[in-house]
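What follows is a set of notes on a single structure, which appears directly below.
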Amino acid sequence: MKLLYRAVEWHAFAKMRMHTGSTITHLEDITKELGKLMRNFEASMHTQYATMELPREAEARKRRTKNTHPKSGEVRQAKSLNLFTYKWHALADYVPAIRLFGGSDGFSTQIVGLSFHIISF
């Protein structure tokens with residue numbers, strides 16, 4: 001339950017529109033704790049649960065490999081939680097980005113999109 005609470009707390013602080021020094025420091029601390037909790041959760045998942053790919057994932061893999069390996073893809077493969085993805089790596093970049101650009105309402109890609117629209121006429 002602590003992991004779920006920290007994930008919700010991190011999300012709430014990360015999406016704040018205005019930050020103070022104390023909220024940024026708290027977000028930084030929550031980010032570190034969330035990382036530790038996720039690593040502990042991932043370690044416990046390997047020993048407690050045997051997870052398999054979804055049936056639709058197995059079917060997709062079967063379709064992809066039917067020409068190259070006709071017999072592969074008939075059995076669902078084991079899957080594990082992968083924390084080595086960009087979305088987990090990017091959590092550490094939120095606090096520096098907020099310090100550099102401000103809250104999430106302080107910057108937008110809308111101007112860039114409008115400039116391409118104007119140029120295309």
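- A continuous path of hydrophobic side-chain contacts links Trp88 to Leu3 [ILVMFWY only; heavy atoms under 4.5 Å].
- Separating the CG atom in Asn40 from the CE atom in Met45 is a distance of 13.5 Å, to the nearest 0.5 Å.
- To the nearest 0.5 Å, atoms CD (Glu57) and CD (Gln77) are separated by 10.0 Å.
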Side chain to side chain contact (heavy atoms under 4.5 Å, CB included) between Glu42 and Met38, intermediate numbers included
CA-CA 6 Å; Glu42 189 251 348; Met38 277 306 299; 5.9 Å; no
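- Between Glu33 and Lys2, at least one side-chain nitrogen of the basic residue sits less than 4.0 Å from a carboxylate oxygen of the acidic one, meeting the salt-bridge criterion.
- Closest heavy-atom contact between Met52 and Ala78: SD-CA, 3.9 Å.
- For Ser22, the side-chain contact (heavy atoms from CB on, under 4.5 Å) test picks out Thr20, with sequence neighbours left out.
- Applying the ring pair (Phe, Tyr, Trp, His ring centres under 6.0 Å) criterion to His26, with sequence neighbours excluded, gives Phe13.
- Note on Ile30 and Tyr5: separate hydrophobic clusters, where clusters join Ile, Leu, Val, Met, Phe, Trp and Tyr whose side-chain heavy atoms are under 4.5 Å apart, directly or indirectly.
- Partners of Arg64 by salt bridge (charged side-chain N to carboxylate O under 4.0 Å, His left out), not counting sequence neighbours: none found.
- Follow the hydrophobic side-chain contacts under 4.5 Å out from Val8 and you never reach Tyr94; the two are in separate clusters.
- In this structure, NE2 in His11 is found 13.0 Å from CE in Met16, a value given to the nearest 0.5 Å.
- Judged purely by atom type and a 3.5 angstrom limit, Arg76 has no side-chain atom pairing as donor or acceptor with the backbone of Ala58.
- Scanning all heavy atoms of the two residues, the minimum distance from Ala14 to His19 falls at O-NE2, 4.3 Å.
- When hydrophobic clusters are built by joining Ile, Leu, Val, Met, Phe, Trp and Tyr residues whose side-chain heavy atoms come closer than 4.5 Å, directly or via intermediates, Leu27 is not grouped with Leu4.
- For the atom pair CD1 of Ile98 and CE of Met18, the computed distance is 13.0 Å after rounding to the nearest 0.5 Å.
- Looking at Thr31, its side chain never comes within 3.5 Å of a backbone N or O of Ala92 through a donor-acceptor pair.
- Leu81 is not connected to Leu54 by any chain of hydrophobic side-chain contacts under 4.5 Å among Ile, Leu, Val, Met, Phe, Trp and Tyr, and they are in different clusters.
- Between Arg6 and Glu9 there is a salt bridge, with a side-chain nitrogen of the basic residue lying less than 4.0 Å from a carboxylate oxygen of the acidic one.
- Between the side chain of Thr65 and the backbone N or O of Arg61 there is at least one donor-acceptor pair closer than 3.5 Å.
- With salt bridges taken as basic N to acidic carboxylate O contacts below 4.0 Å, one links Glu28 and Arg99.
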